[in-house]
Number of protein chains: 2
Amino acid sequence: MLKIGELAALASVSRDTLRFYEKHGLITPGERSGAGYRLYSETDVHRISFIIGAKEVGFTLNEIHQLLELEVTKDEKSCYDIKQFVDAKISIVNQRLAEIKRIKKSLQTLSSACCGGDEPATHCTILEALSEQTN
Amino acid sequence: MLKIGELAALASVSRDTLRFYEKHGLITPGERSGAGYRLYSETDVHRISFIIGAKEVGFTLNEIHQLLELEVTKDEKSCYDIKQFVDAKISIVNQRLAEIKRIKKSLQTLSSACCGGDEPATHCTILEALSEQTN
DNA sequence: ATAAACCCTAGAGCATGGTCTAAGGTCAAA
DNA sequence: TTTGACCTTAGACCATGCTCTAGGGTTTAT
Ligand SMILES: [Zn+2]
Ligand SMILES: [Zn+2]
Ligand SMILES: [Zn+2]
Ligand SMILES: [Zn+2]
C-alpha cells in the first residue's frame, strides 16, 4: 500500500494531480489509513499507469474516463468495441491535423509574400493580408 | 459610426466578443454616444478585420495583441520584424504538428495491433499497451 | 520535544476564448 | 404609450487540466 506521495513519485505526477483525478472519478482509491491518508493498492497503481499511458497517446481525461469503463468491463466488451473507440479518436486527431496544416500553409503563404527587408513595414504584405477577411 | 450590434453583424462575431476584445485591450473604441453606446469608426472596423484575419491564420489573442502593436507602429518597424514574428509562429505550429503526428502514429499503432474481433476484450492489446508506461 | 516532511479538505486561481445573466437605460415603431 | 430591440455594466460560468493556498492534523527523525 502506497501513500499519495509515494505513488506520485512512482508515476511522476504531483499529489495534486492524483487528488484531481480522484475528484473527477478516474481513480477510486479504496482504503484510508487511521489518520485518513489515502492508501493505494496494486490495482490503483495499474489504473494510474493506464491513465498516464492513455494521456501519452493523446486521450483527454474525459475520453480516459470512457476508456476506463471499457477496461473494467473488458470481459463484457469486445476488441471491436475498443478498436472502434481508438479509431474514433484517430479521426478526431485527423481533423486537428488538417486544421493545423491549414494554418501552417496560411502562415507560410504570408511569410513568403513578405520581402523581409529593412524598409519600414508600411508596405508589408503580411499586415495587409491580415486585415483582408476571407469571409 | 457603427453601434456594437452593427459591427458585430458586419464582422460575424457576437457583441460580447467585441466587448471581450475591448476588455483585453485588442480594441480601444474611442467615442460613445450620448447614451453611452460604443461608436466604432472606420479605423476600428479595420482593426477588427485585422483581429479576425489573424485569428483565421491561427494566432492567439495574445499574439494578436503583439501583432497589433507592430501594426500601429509599422512605420517604425521593418518587414524583417513582421516576417520574424510570423516565422516564430510557424515554428510553434510545427511543434504542435509534430506532437499531433506523434499522437496519431501511436494511436494507429495501437489500433492496428488489435484484432478488432467479437471475442471478449480481456486479451485486447490496446488495453494492455495503455497500462504499460513508456516512461 | 520539536522541527521537517508528509497528509487532509475546500476552494480559489491560471490560461484560453469566449458566452450568459442580471438589472438596468434607450430608442424606434405601432 | 407601450412593446421590442437595442445598449450598458459587473460578474458568473463553460471546458480543460491542473496548481496553489489556507488552515489544519500526522509521522518521523534528531
Ligand atoms: Zn517588405
Ligand atoms: Zn513585409
Ligand atoms: Zn482481440
Ligand atoms: Zn483488441
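The structure displayed is predicted, hence computed values, not measured ones. Below, chain A is the first sequence line, B the second, and so on; all start at residue 1.
Taking 4.0 angstrom as the limit, S33(A) places none of its side-chain polar atoms (N or O) nearer than this to OP1 or OP2 of dC7(C). One finds a side-chain N or O of R32(A) lying less than 4.0 angstrom from the OP1 or OP2 phosphate oxygen of dT9(C). The phosphate of dT8(D) (OP1 or OP2) has a side-chain N or O of R38(B) nearer than 4.0 angstrom. For the OP1/OP2 pair of dG17(D) and a distance below 4.0 Å, the side-chain nitrogens and oxygens of T17(A) include no atom meeting the criterion. One finds no side-chain N or O of T60(A) lying less than 4.0 angstrom from the OP1 or OP2 phosphate oxygen of dT16(D). The side chain of N62(A) contributes an N or O atom lying less than 4.0 Å from OP1 or OP2 of dT16(D). Proximity of Y21(B) to the phosphate of dG18(C): a side-chain N or O atom is located under 4.0 Å from OP1 or OP2. For the OP1/OP2 pair of dT8(D) and a distance below 4.0 Å, the side-chain nitrogens and oxygens of R19(B) include at least one atom meeting the criterion.
Atom CD1 of I92(A) and atom P of dT16(D) are 11 Å apart (whole Å). Rounded to an integer number of Å, the gap from CZ of F59(B) to P of dT16(C) is 15 Å. Rounding to whole angstrom units, CZ of residue F20(B) and P of dT8(D) are separated by 17 Å. When rounded to the nearest whole Å, the span between CD1 of I4(B) and P of dG25(C) equals 20 Å. Rounded to whole Å, atom C1' of dC6(C) lies 18 Å from atom CE of M1(A). K23(B) places its NZ atom 13 Å from the P atom of dT19(C), with the value rounded to the nearest Å. Atom-to-atom, CZ of R96(A) to C1' of dT16(D) comes out at 12 Å; the value is rounded to the nearest Å. Residue L39(B) contributes atom CG, which lies 13 Å from atom C1' of dT26(C) at whole-angstrom precision.
A donor-acceptor pair is defined here as one N or O able to donate and one able to accept, closer than 3.5 Å; such a pair exists between the side chain of T73(A) and the backbone of E69(A).
Comparing L61(B) and E22(A) along DNA chain C, the residue whose closest nucleotide (by nearest heavy atom) sits nearer the 5' end is E22(A). With DNA chain C read from its 5' end, the first of the two nearest nucleotides for K3(B) and Y37(A) is the one closest to Y37(A).
Taken together through direct or relayed side-chain contacts under 4.5 Å among Ile, Leu, Val, Met, Phe, Trp and Tyr, L61(A) and V72(A) form parts of separate hydrophobic clusters.
There is a side-chain donor-acceptor pair under 3.5 Å between D44(B) and S41(B).
Hydrophobic cluster of Y37(B): no remaining members, since no ILVMFWY side chain lies below 4.5 Å from it.
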>> Please determine whether side chain to side chain contact (heavy atoms under 4.5 Å, CB included) holds for the pair V86(A) and C114(B), giving the CA-CA distance in whole Å, both sets of side-chain angles, and the decisive distance to 0.1 Å.
In response: CA-CA 10 Å; V86(A) 173; C114(B) 170; over 6 Å; no
